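Read the structure below first, then the notes.
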Amino acid sequence: DKALQSFPNEPELLAAKGVALARSGDLQGAISFSDAAVESQRNTPYIWLARGDVLLARREKRAEFCFERAFTLGGKNWFVLWLASRIQSFYAHFAKALKFAQEALALEPARAAVWLQLGQCQLALGLVPQARNSLEQARELDPEAGAQQILNRAADSSFLDKLTGRWRQWFGK
């Protein structure tokens with residue numbers, strides 16, 4: 001809000017405000033800010049990722065178009081793919097999040113954040129051995145990235161957690 005007071009027409013700030021509103025439950029306000037960002041005629045990958053985020057919050061199928069638009073604008077950019085993975089994870093679409101994290105990793109294998117995201121997706125899908133490997137890679141690249149806490153959680157994962165992960169994997173969540 002403070003930034004929007006200084007830059008009221010900045011499309012990426014409008015998009016970010018839309019995401020914040022969507023994630024806090026104000027779906028009508030979210031779409032209004034998202035519309036304003038998209039109508040600004042300034043196309044950036046973030047504006048379209050944010051639009052996809054808002055549409056996912058509203059459970060609209062058009063969200064996929066927004067992600068594709070972001071990828072088109074961003075080219076082969078690991079950061080755009082990583083953000084898309086994080087957005088999909090937030091909405092518990094772990095199979096899609098995993099796909100985007102894998103694509104980001106192929107472009108930027110030396111980023112701990114990408115390995116961390118990949119590990120979290122794998123863990124959510126019940127792919128515990130793969131998650132451990134990914135999280136170990138993240139920890140090697142950046143010991144402060146938080147991978148150890150997630151690894152500890154993975155070690156404590158129960159049979160039910162693994163079964164839930166497989167369920168998500170089979171049904172594309």
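Predicted model, so just to flag it, every value in this text is computed and none were measured.
Using a 4.5 Å heavy-atom cutoff, the side chains of T44 and L73 are not in contact. Side-chain contact check for N77 versus L107: every heavy-atom pair is 4.5 Å or farther apart. Side-chain atoms of L125 and Q130, non-hydrogen and from C-beta on, never get closer than 4.5 Å to each other. Within the 4.5 Å cutoff, the side chain of L14 has no heavy atoms near those of the E10 side chain. With contacts defined as side-chain heavy-atom distances shorter than 4.5 Å, the pair K61/L55 does not qualify.
F7 and L4 end up in the same hydrophobic cluster when Ile, Leu, Val, Met, Phe, Trp and Tyr side chains are linked at under 4.5 Å. Both F94 and F90 are part of a single hydrophobic cluster, where members link through side-chain heavy atoms under 4.5 Å apart. The hydrophobic clustering, which links ILVMFWY residues whose side-chain heavy atoms are closer than 4.5 Å, places L105 and L127 together. Linking Ile, Leu, Val, Met, Phe, Trp and Tyr whenever their side-chain heavy atoms come within less than 4.5 Å leaves V38 and V80 in two separate clusters. Placement of I31 and F33 in two distinct hydrophobic clusters is found when ILVMFWY residues are connected by side-chain heavy-atom separations under 4.5 Å, directly or transitively.
E140 is linked by a side chain to side chain donor-acceptor pair (under 3.5 Å) to nothing, counting only residues two or more places apart in sequence or in another chain.
Summarising the geometry, atom NE2 belonging to H93 is positioned 14.5 Å from atom NZ belonging to K99; distances are rounded to the nearest 0.5 Å. Taken to the nearest 0.5 Å, the CG atom of L135 stands 10.5 Å off from the CD atom of Q117. The CG atom of N133 lies 6.0 Å from the CH2 atom of W115; values are rounded to the nearest 0.5 Å. Note: C121 SG to K96 NZ = 13.0 Å, rounded to the nearest 0.5 Å. Interatomic distance, L56 CG to R51 CZ, rounded to the nearest 0.5 Å: 12.0 Å. Taken from OG in S85 to CH2 in W78, the straight-line distance is 11.5 Å, to the nearest 0.5 Å.
Applying the salt bridge (Lys or Arg N to Asp or Glu O under 4.0 Å) test to pairs two or more places apart or on separate chains, those with a residue in residues 105-118 are E108-R111.
Shortest non-hydrogen contact noted between P11 and A37 is O-CB, 3.3 Å. Pairing each heavy atom of Q122 with each of S134, the nearest pair is OE1-OG, 2.6 Å. The two residues A15 and I47 come nearest to each other via the heavy atoms CB-CA, 4.1 Å. The two residues V19 and V54 make their nearest non-hydrogen contact at N-CG2, 3.9 Å. What you find for A84 and L49 is that their closest heavy atoms are CB-CD2, 3.9 Å.
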field: Residue pair F79, L83: steps toward the side chain to side chain contact (heavy atoms under 4.5 Å, CB included) verdict
entry: CA-CA 6 Å; F79 190 72; L83 281 175; 3.4 Å; yes

message: Under the criterion side chain to side chain contact (heavy atoms under 4.5 Å, CB included), I'd like the reasoning laid out for R23 against D53: C-alpha separation, chi angles, the key distance, then a yes or no.
response: CA-CA 9 Å; R23 291 189 178 191; D53 194 322; 2.7 Å; yes

- request: Could you give me the CA-CA distance, side-chain angles and deciding distance for S89 and Q120, then say whether side-chain hydrogen bond (donor to acceptor under 3.5 Å, both in side chains) is met?
  value: CA-CA 9 Å; S89 289; Q120 290 175 314; over 6 Å; no

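Looking at W48, its side chain never comes within 3.5 Å of a backbone N or O of E68 through a donor-acceptor pair. Here the side chain of Y46 pairs no donor or acceptor atom with the backbone of A70 at under 3.5 angstrom. The backbone N or O of A30 lies less than 3.5 Å from no partner atom in the side chain of S34, so there is not a single donor-acceptor pair.
Enclosure of atom CZ in R69 by more than 12 non-hydrogen atoms of other residues, nucleotides or ligands within 6.0 angstrom is indicated.
Under the 30°/60° scheme for interplanar angles, the aromatic rings of F100 and F71 are found to stand perpendicular.
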